[in-house]
Each structure stands twice: as C-alpha cells, then as structure tokens.
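Reading through the structure tokens given below for one structure.
Lettering of chains follows the sequences in order, A, B, ..., and the numbering in each one begins at 1.
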Number of protein chains: 2
Amino acid sequence: MIEIALLEKYNVVRKHYKKLEIIFEKDHLATHYYQIVSGAVKMNNYNDDGREFIQGIFYANQSFGEPPLFLDRTYPANAEAVEDSEILCISKVNFLKLISENPKVSISIIEILAHRLHYKSVMAAEISTHDSEHRLLQLFDYSISYLNFKKDNNGYAIDLTRQQMGDLTGLRVETVIRTIKTLEKKGELKIINRKVYR
Amino acid sequence: MIEIALLEKYNVVRKHYKKLEIIFEKDHLATHYYQIVSGAVKMNNYNDDGREFIQGIFYANQSFGEPPLFLDRTYPANAEAVEDSEILCISKVNFLKLISENPKVSISIIEILAHRLHYKSVMAAEISTHDSEHRLLQLFDYSISYLNFKKDNNGYAIDLTRQQMGDLTGLRVETVIRTIKTLEKKGELKIINRKVYR
DNA sequence: ACTCCTTTATGATGTATGTCATAAAACATT
DNA sequence: AATGTTTTATGACATACATCATAAAGGAGT
C-alpha cells in the first residue's frame with residue numbers, strides 16, 4: 001500500500017466499480033497501478049471450458065496487478081470487482097516515476113511481491129499434491145494470516161463461499177462441500193450456520 | 001542478476017556446491033542472498049508421503065530464495081543443487097544495505113520477482129485445471145521463453161527429465177511419459193532419442 | 001565388456017475427484 | 001407473501017490420473 005498523500009502528487013484518479021465489473025482483462029497490456037480504498041477485487045482465469053481459477057482476492061489498502069507494469073508482458077489474469085469498490089488508479093508512467101523518485105516505495109513494492117510469491121509457492125505445492133483436505137486447510141490458514149479475517153469466539157471466520165474456496169484451490173464446489181464436512185468431523189474446523197470457522 | 005562488481009563491494013563469498021547438496025531448507029530463516037555463477041539449482045517441497053514438487057529450477061546468472069529476505073518468514077521450500085554449482089552469497093544485512101544504497105538494484109529485484117510471479121500465476125491456473133496435456137505444454141512454453149533453452153533444427157530442446165517435468169507440474173512420471181506420447185501423436189511436439197522438442 | 005544406476009517405458013488395477021441431476025435452505029426483490 | 005437467485009447439499013456414476021509391478025534402454029564408472 002502506498003500512502004494516499006503520495007499518490008496524490010502523481011495524478012491519482014478515484015474510480016468506482018460496481019460488483020461484477022471488470023477492471024482489466026487477461027492478455028491486455030498493463031496501463032495503471034490500482035489500489036483499493038474500499039470493496040474487494042478478485043483476479044481470475046477461465047480455462048477453455050469456462051472453469052474459473054481465482055489467483056487471489058484483494059481487499060482495502062491492497063494493490064493488485066502490478067507485476068506486468070514492470071515487465072513487457074500482458075496480464076496473466078482478469079481483475080473483477082467482487083463488491084462495489086472504490087479504487088485509486090495512477091497511470092503506468094506516473095507510477096514508474098513515483099517509484100524512481102521514492103526509493104522507499106520500491107522497497108515496499110518488493111515486500112508486497114515477496115509476500116504474494118510466498119503465497120503462490122505455498123499454494124502451488126499444496127495444489128500439486130491432489131489432496132483436497134490439505135489444499136483447503138492451507139487456503140484457510142494462509143487466508144487467516146495473510147488477509148484480515150476476524151476472530152470471534154468460534155475461531156477465525158473464513159469469509160469465502162464454497163464456490164470461491166473451490167476456485168482458489170482448483171476443486172469443484174461439491175468436493176469442497178464434502179471435504180469441509182469431513183474436516184469438521186475430524187475436528188479441524190467448525191461449521192456454524194453454514195459458515196466455516198477455524 | 002546483480003553485477004558481480006557491485007556484489008564484491010558487499011563482502012561476497014564464492015561457494016561451491018556438489019550435485020544433490022542442500023543449499024538451504026524449508027522452514028529455516030533466510031540468511032543470505034544467492035546468485036548462481038555456474039550450475040543449476042532447484043527449489044522444491046516434499047509432502048507428507050515424500051512426493052516432490054519443484055517450485056522452479058534456476059540457472060547461471062539467476063538468483064533465488066530472495067523473498068524471505070524481505071519478509072519475517074521462513075523459506076517455503078528447500079534449495080538443492082541439481083548439478084555441481086558455483087554460487088555467490090552475501091549476508092542478509094549486506095544485501096539489504098546493497099539494496100538501500102543502490103535504488104536501481106531494487107528496481108531489478110522488482111522485475112525479477114514480477115517475472116517469477118508471472119510464472120507462478122500462469123502455472124497455478126494451469127495446474128488447477130487437472131489437465132495433463134495443458135499443464136505440460138504450458139510448462140514447456142514457459143520454460144522456453146523464460147529460461148534459455150536452445151533452439152536447433154528440431155525445435156526447442158526441453159532439457160528436463162520426465163521426472164522433473166512431473167515434479168514441476170504435479171504429475172507422476174508415468175503420466176508425463178504417456179501424455180507427451182499422445183502430444184507427439186497430436187503433433188504438438190517431437191520426441192527424438194527420448195528428448196522432447198517443441 | 002561388465003556392473004550399477006538412472007531414465008524411460010508399458011500394462012493392470014485402484015481411487016479420489018469430477019460430472020450430472022436434483023433439491024432444500026437462505027437471501028434478496030418486488 | 002410470493003418469486004427469483006444464490007448458496008449449500010446429497011446421491012449415482014464416470015473417468016483421468018495414481019499406484020504398483022516389471023523391464024528395457026541408456027549412460028557412467030571400472
């Protein structure tokens with residue numbers, strides 16, 4: 001996250017996206033830096049037969065879609081608002097100018113990318129194992145520590161639909177439903193009012 | 001890759017690792033920055049029943065294992081030499097000093113991480129589809145453009161064993177062997193003297 | 001030429017997850 | 001209250017990939 005005061009020195013624009021609205025599309029060139037003020041955004045892919053894979057979900061104060069700004073490559077995934085969202089945008093040139101003029105920001109960009117790479121590494125190893133229980137537990141634990149999920153007296157509430165859990169782990173909804181039920185029986189998590197707690 | 005001349009100003013040490021030798025282990029704290037002079041290194045995970053997943057293979061002039069240097073986290077995977085290798089190391093403090101004193105280097109670190117994140121995103125979407133043909137073709141095409149595989153008159157030579165292909169895509173050797181044979185029949189690649197060309 | 005080890009190969013069988021069908025529960029909208 | 005939509009749920013069946021067993025081909029070292 002870059003300080004808003006700093007972004008304002010580089011021609012920031014505040015945009016509003018409705019739920020389901022597309023922010024950018026896979027295979028397009030990166031033109032802007034995006035930082036979420038409120039709402040939530042998912043980055044996803046669809047394979048040939050329409051199946052979705054969610055690369056990640058981003059919330060307030062997080063940025064997304066930066067990597068292609070530094071490469072001569074297009075976006076590897078789409079970005080779509082999962083809720084009505086308010087997003088700050090600055091153009092690629094202004095963003096790169098900001099970075100070069102503020103070395104401290106580049107360190108924080110490194111940290112953000114390092115963090116995200118860490119998530120990808122953990123999930124990649126997990127997804128490759130073909131073990132639905134592991135995949136889901138890993139997703140939950142990582143989401144709890146990486147995202148700001150709240151803890152109440154039942155534990156951490158996993159604020160994701162079964163469908164989203166599936167799309168984040170490469171599993172089908174039915175498999176997710178069945179797996180979290182066996183995980184509940186094993187005492188790994190709780191399901192209260194259809195909500196998952198860990 | 002950071003210029004060797006620059007590394008030398010920050011107490012670089014040149015180390016030799018034999019094939020199969022471990023450079024660092026999963027869950028350990030990051031203490032050094034590593035850059036390969038010659039040889040090759042793989043980063044991998046083993047799951048509970050000993051199955052391997054290769055996060056990536058790195059070659060001459062590439063660095064690896066930087067992300068945890070910027071986070072208060074341990075390595076998400078092991079690093080192991082796949083060939084006898086010569087590697088430059090500098091300590092974490094010296095590395096962070098180098099970065100802060102050389103803003104241009106931090107930009108190149110960003111580019112490296114962005115690049116790697118791009119690879120992870122592409123492969124994650126692919127692996128989640130559960131389609132062995134797609135996974136392997138994606139691996140080959142990405143390896144060709146990202147790594148420096150050479151092209152000869154048969155096409156690009158994929159310099160990976162069947163086992164490595166499997167470990168990089170989360171597939172078993174037998175599945176890799178069978179899949180690349182059907183891909184050959186479909187004309188997607190060539191197999192000459194057991195070597196894969198694309 | 002011989003031995004050892006790695007890599008590639010192939011067939012038989014098992015199984016976890018996917019697929020398809022169907023529906024109840026929860027929630028939103030009118 | 002009535003209606004429509006999303007989310008969760010459950011069963012029957014199919015299938016791609018894993019697993020296991022076995023072996024041939026190739027390379028490295030003596």
Are any side-chain N or O atoms of A/Asn193 and backbone N or O atoms of A/Lys195, one a donor and one an acceptor, separated by less than 3.5 Å?
no

Over how many whole Å does the gap from B/Asp167 atom CG to C/dT7 atom P extend?
11 Å

Output the rounded distance in Å from CZ (A/Phe53) to P (C/dG18).
13 Å

When the distance from CD of A/Gln163 to C1' of D/dT5 is rounded to whole Å, what number comes out?
15 Å

Here the distance between atom P of C/dG18 and atom CG of B/Asp131, to the nearest Å, is 13 Å

Counting only pairs under 3.5 Å, give me each side-chain donor-acceptor contact of residues 9-25 of chain B, with atom names and distances, residues two or more places apart or in other chains.
residue : atom : partner  : partner atom : Å
B/Tyr10 : OH   : B/Glu101 : OE1          : 2.4
B/Tyr10 : OH   : B/Asn102 : ND2          : 3.3
B/Arg14 : NH1  : B/Glu86  : OE2          : 2.9
B/Glu21 : OE1  : B/Lys18  : N            : 2.7

For A/Lys26, enumerate each residue passing the side chain to side chain contact (heavy atoms under 4.5 Å, CB included) test, keeping only those at least two apart in sequence or located in another chain.
A/Asn45, A/Asn78

Bend angle of the helix from C/dA1-D/dT30 to C/dT30-D/dA1 from five-pair axes at both ends, rounded to 10°?
50°

Distance, nearest 0.5 Å, that separates OG of A/Ser143 from CD1 of A/Ile158:
6.5 Å

Qualifying residues under ring pair (Phe, Tyr, Trp, His ring centres under 6.0 Å), relative to A/Tyr33, sequence neighbours excluded
A/Phe95

C/dA16 P sits how many Å from A/Ile127 CD1, rounded?
20 Å

Set of side chain to side chain contact (heavy atoms under 4.5 Å, CB included) partners for B/Val122, sequence neighbours left out
A/Pro76, B/His118, B/Gln138, B/Tyr142

Residues at least two apart in sequence or cross-chain that pass salt bridge (Lys or Arg N to Asp or Glu O under 4.0 Å) with A/Lys92, listed by chain then number, are none

Applying side chain to side chain contact (heavy atoms under 4.5 Å, CB included) to B/Thr175 and not counting sequence neighbours gives B/Ser132, B/Leu171, B/Arg172, B/Thr179

Are B/Thr161 and C/dT7 close enough that a side-chain N or O sits under 4.0 Å from OP1 or OP2?
no

Tell me whether the side-chain N/O atoms of A/Lys181 come closer than 4.0 Å to OP1 or OP2 in D/dT8.
no

Between D/dC17, C/dG18, C/dT8, which nucleotide has the shortest distance from any of its atoms to the side chain of A/Arg51?
C/dG18

Would you kindly give the CZ-to-P distance between B/Arg172 and C/dT7, to the nearest whole Å?
15 Å

State whether B/Arg162 places a side-chain N or O below 4.0 Å from either non-bridging phosphate oxygen (OP1 or OP2) of C/dT8.
yes

From CZ of A/Arg135 over to C1' of C/dG18, roughly how many Å is that when rounded to an integer?
12 Å

How many whole angstroms separate atom CD of B/Glu184 from atom P of C/dT10?
11 Å

Would you list the protein and nucleotides 20-29 of chain D atom pairs, both N or O, that sit under 3.5 Å from each other?
residue : atom : partner  : partner atom : Å
D/dC20  : N4   : B/Glu174 : OE2          : 3.0
D/dA25  : O4'  : B/Arg194 : NH2          : 3.4

Can you name the salt bridge (Lys or Arg N to Asp or Glu O under 4.0 Å) partners of B/Asp141, sequence neighbours left out?
B/Arg198

Give one of base, sugar-phosphate or nothing for A/Gly170, where a contact means two heavy atoms less than 4.0 Å apart.
sugar-phosphate

